[in-house]
Amino acid sequence: MIAIGSDHGGYALKCELVKHLAEQGVELVDCGCNGETADYPDIAEKVCAKVAGGECEKAILICGTGIGISMSANKIKGIRAALCTDEYSAKFTRLHNDANVLCMGGRVVGGGLACNIADVFLSTEFEGGRHAVRVDKMMKLEGK
Ligand code: RB5
């Protein structure tokens with residue numbers, strides 16, 4: 001189960017992603033917005049609660065740039081949010097960082113690229129090993 005959410009700046013791209021992912025049989029929980037003005041920290045909080053609480057395995061967040069919503073998501077305990085604008089970063093943030101939230105900018109990436117980025121992110125497994133040691137160290141920085 002994948003949670004997805006956007007503010008108004010990411011709404012159009014979220015609609016494209018929801019359609020694309022649903023066509024591939026990905027089970028989605030759409031946490032809004034529905035086109036109205038929304039503050040990106042509120043959407044990040046709502047979506048990340050689903051990941052931190054274990055209801056969803058991963059999530060996708062979109063705002064205008066992807067920056068505000070990724071900064072907000074990374075304030076939440078247990079969240080490793082990665083802002084991606086290319087497939088290479090999406091692949092390696094899963095392999096090496098075990099990112100559990102993908103962030104994108106609706107005013108930055110086009111729909112075709114965003115769908116490819118999401119596909120790579122959702123289909124790539126964490127490599128573990130030496131990277132697990134680093135991710136553990138990263139998570140220990142929470143609350144410092
Ligand atoms: C909203 O206009 C815009 O500020 C927001 O979507 C995002 O880009 C913030 O980082």
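Just so you know, ligand 1 is whichever comes first in the structure, and atom 1 is the first atom listed for that ligand. Quantities reported herein were computed from a predicted structural model and do not represent experimental measurements. The first residue of the sequence shown is numbered 1, and numbering continues consecutively from there.
- Within 4.0 Å of ligand 1, protein heavy atoms come from D7, H8, Y40, C63, G64, T65, G68, R107.
- A salt bridge links E23 with K19; the closest basic N to acidic carboxylate O contact falls under 4.0 Å.
- The side-chain heavy atoms of V29 and V47, taken from C-beta on, include no pair separated by under 4.5 Å.
- When each of V51, V101, T93, V135 is checked for a side chain to side chain contact (heavy atoms under 4.5 Å, CB included) with R80, only V135 meets the rule.
- Note on L83 and I117: separate hydrophobic clusters, where clusters join Ile, Leu, Val, Met, Phe, Trp and Tyr whose side-chain heavy atoms are under 4.5 Å apart, directly or indirectly.
- For C31 against I43, the heavy-atom pair with the smallest separation is O-CD1, 4.2 Å.
- With salt bridges taken as basic N to acidic carboxylate O contacts below 4.0 Å, one links R94 and D98.
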